[in-house]
Amino acid sequence: MRRINLPRLELSAHLSPGALADALSHAFLETRDDQPETSRCRIFIVHPGVAGIPDPAKWADAHFTEHGFAKRLAEAGLRGHHFHDLDFWQFYDPQRRVGVQLMASAEAFPPWEPGAPLRAFLHWEYAARGTRLAHAGTLGANGKGVLLAGAGGAGKSGTVAAGLLNGLDSVGDDYVLIDLADGVTARPLFSTLKQDPQGFARLGLKQRLPAHGPLNWQGKHTFHIGEIAPEPVPETLDIVALVVPHIGGGEVSSIVPVSRKDAMIALAPSGIAQMPGERESGFRFFGDLTRLLPCYRLSLGTQPREIAGTIADFLARGAS
């Protein structure tokens, strides 16, 4: 069993040794274990050969839609996800806080799973509390930060890495936990960072991380926030703006206001598509988020230090 301490959640993962177990040991940014109001959930990761587990069921000829599947399960008070290609199933009972991940073998999981393991279960658990996993990055200073939203290729991950390498804080890239209970607060979950080979070289990471491993399923280098962060990862960032980065083409970065509609388009679709179920509540949540925050477009320059400086200056001015 692997016990993982996350924001107000103690997650117990029951699984056999293997690649997923290895991923669980380094993919998370764990919190201290004396948090108030901590709940516990249990996830059982099983496959044939473990305690008499049978081969996972295959979806028959009936048409499958993720939304329809999730809707039928929700009617029974459950949450679930099915990945056809591998007969990979995930089910969660948010009332009992118990989940099962059923695989055809110990290695039969989607290629993205090690970077953010058990992401669907965390999504379901936190959504039941009124919080949300957002597909977004973060950068901050002195407890204040920005949420960086955009589709793949927009420069989000490169911006996070550039900020970390030049003195800024982050509570994560790709997936962070967002709470709207008292303003907008971002909390860390996953430690994984990613960069394509060009960005990896441009940021000087080939020299800084000489022992980097093979490219992942997207053809990107993966590494961890602690390898480049200047300070320990903060427990929270108070988010003061939603920022949409894009490759500007110029040498100097700039930040200008953008419409809430454009910010919502940058933030919501990928966050909802990558999180099974909870679609309606997800659109409401991200709509509320964009109404709470001023929204900006960040045109990225070419130099990592200058990009980080532009964001640091923006935060120092109070996101005005």
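- Put simply, the side chain of L78 does not reach to within 4.5 Å of the side chain of F91, judged on heavy atoms.
- F28 has its side chain out of reach of P188: every pair of non-hydrogen atoms, C-beta onward, lies at least 4.5 Å apart.
- A distance of 9.0 Å separates OG in S25 from CD1 in I4, rounded to the nearest 0.5 Å.
- Judged purely by atom type and a 3.5 angstrom limit, T138 has no side-chain atom pairing as donor or acceptor with the backbone of S170.
- S191 places a side-chain N or O within 3.5 Å of a backbone atom of H26 that can act as its donor or acceptor partner.
- Counting heavy atoms of neighbouring residues, nucleotides and ligands inside a 6.0 Å radius, atom CD of Q95 does not exceed 12 of them.
- Taking every heavy atom of both residues into account, L293 and R260 meet most closely at O-NH1, 2.5 Å.
- Using modelled atom types, no side-chain atom of E113 and backbone atom of P110 make a donor-acceptor pair closer than 3.5 Å.
- P111 is not listed as a side-chain neighbour of N216, based on a closest heavy-atom distance of 4.5 Å or more.
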Stepwise side-chain contact (heavy atoms from CB on, under 4.5 Å) check, D179 with Y126: CA-CA 10 Å; D179 188 348; Y126 282 117; over 6 Å; no

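- Residue pairs meeting the salt bridge (charged side-chain N to carboxylate O under 4.0 Å, His left out) criterion with at least one partner in residues 89-107, sequence neighbours excluded, are R97-E125.
- Separation of atoms CG (L9) and SG (C41) is listed at 4.5 Å; rounding is to 0.5 Å.
- Under the 4.5 Å side-chain heavy-atom criterion for ILVMFWY residues, no single connected hydrophobic cluster contains both F285 and L122.
- Rounding to the nearest 0.5 Å places CG of L177 at 6.0 Å from CG of L133.
- Taking the side chain to side chain contact (heavy atoms under 4.5 Å, CB included) definition, one finds that P276 meets it with E66, H81, A120, H123, W124, sequence neighbours left out.
- A distance of 9.5 Å separates CG of N166 from CG of L164, quoted to the nearest 0.5 Å.
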side-chain contact (heavy atoms from CB on, under 4.5 Å) assessment of T31 paired with R187: CA-CA 10 Å; T31 60; R187 291 183 169 86; over 6 Å; no

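- At least one side-chain heavy atom of L237 sits under 4.5 Å from a side-chain heavy atom of I239.
- Contact check for F286 versus I178: no side-chain heavy atoms found under the 4.5 Å cut-off.
- In this structure, the side chain of R202 does not engage the main chain of Q303 through any donor-acceptor pair within 3.5 Å.
- There is no side-chain donor-acceptor pair under 3.5 Å between S157 and Q195.
- Atom CE of residue M103 and atom CG of residue L86 lie 10.0 Å apart, to the nearest 0.5 angstrom.
- Between G115 and A27, the closest heavy-atom pair is O-CB, 4.3 Å.
- Here the straight-line distance linking atom CD of Q274 with atom CD1 of I272 works out to 11.0 Å at 0.5 Å rounding.
- You'll find the ring centres of F88 and H82 outside the 6.0 Å limit.
- Looking at every heavy atom in both residues, S105 comes nearest to P48 through N-CD, 4.5 Å.
- Under the 4.5 Å side-chain heavy-atom criterion for Ile, Leu, Val, Met, Phe, Trp and Tyr, I247 and I307 are members of the same hydrophobic cluster.
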Audit row: D87, D55, side-chain contact (heavy atoms from CB on, under 4.5 Å) steps and yes/no: CA-CA 9 Å; D87 295 323; D55 290 337; over 6 Å; no

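- Residue L148 is grouped with residue I228 when hydrophobic side chains (ILVMFWY) are merged at heavy-atom distances under 4.5 angstrom, including chains of intermediate members.
- Residues S299 and H246 are in side-chain contact: their nearest non-hydrogen atoms beyond the backbone lie under 4.5 Å apart.
- Side chains of T192 and Y175 form no contact here, defined as non-hydrogen atoms less than 4.5 Å apart.
- Closest approach of F121 to V100, counting heavy atoms only: CZ-O, 3.5 Å.
- M275 and F69 are members of different hydrophobic clusters when ILVMFWY side chains are connected at heavy-atom separations under 4.5 Å.
- The shortest distance between side-chain heavy atoms of R132 and S281 falls below 4.5 Å.
- The side chain to side chain contact (heavy atoms under 4.5 Å, CB included) test applied to A162 returns L203, P304, not counting sequence neighbours.
- A pairwise comparison of heavy atoms in K194 and T222 identifies CG-CG2, 3.9 Å as the closest pair.
- Closest heavy-atom contact between I225 and L193: CA-CD1, 3.8 Å.
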Working for side-chain contact (heavy atoms from CB on, under 4.5 Å), residues L29 and L189: CA-CA 5 Å; L29 290 166; L189 291 173; over 6 Å; no

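- Hydrophobic clustering (ILVMFWY, side-chain heavy atoms < 4.5 Å, transitive): Y296 and V244 are in distinct clusters.
- Salt bridge present: K156 and D173 bring a charged side-chain N and a carboxylate O closer than 4.0 Å.
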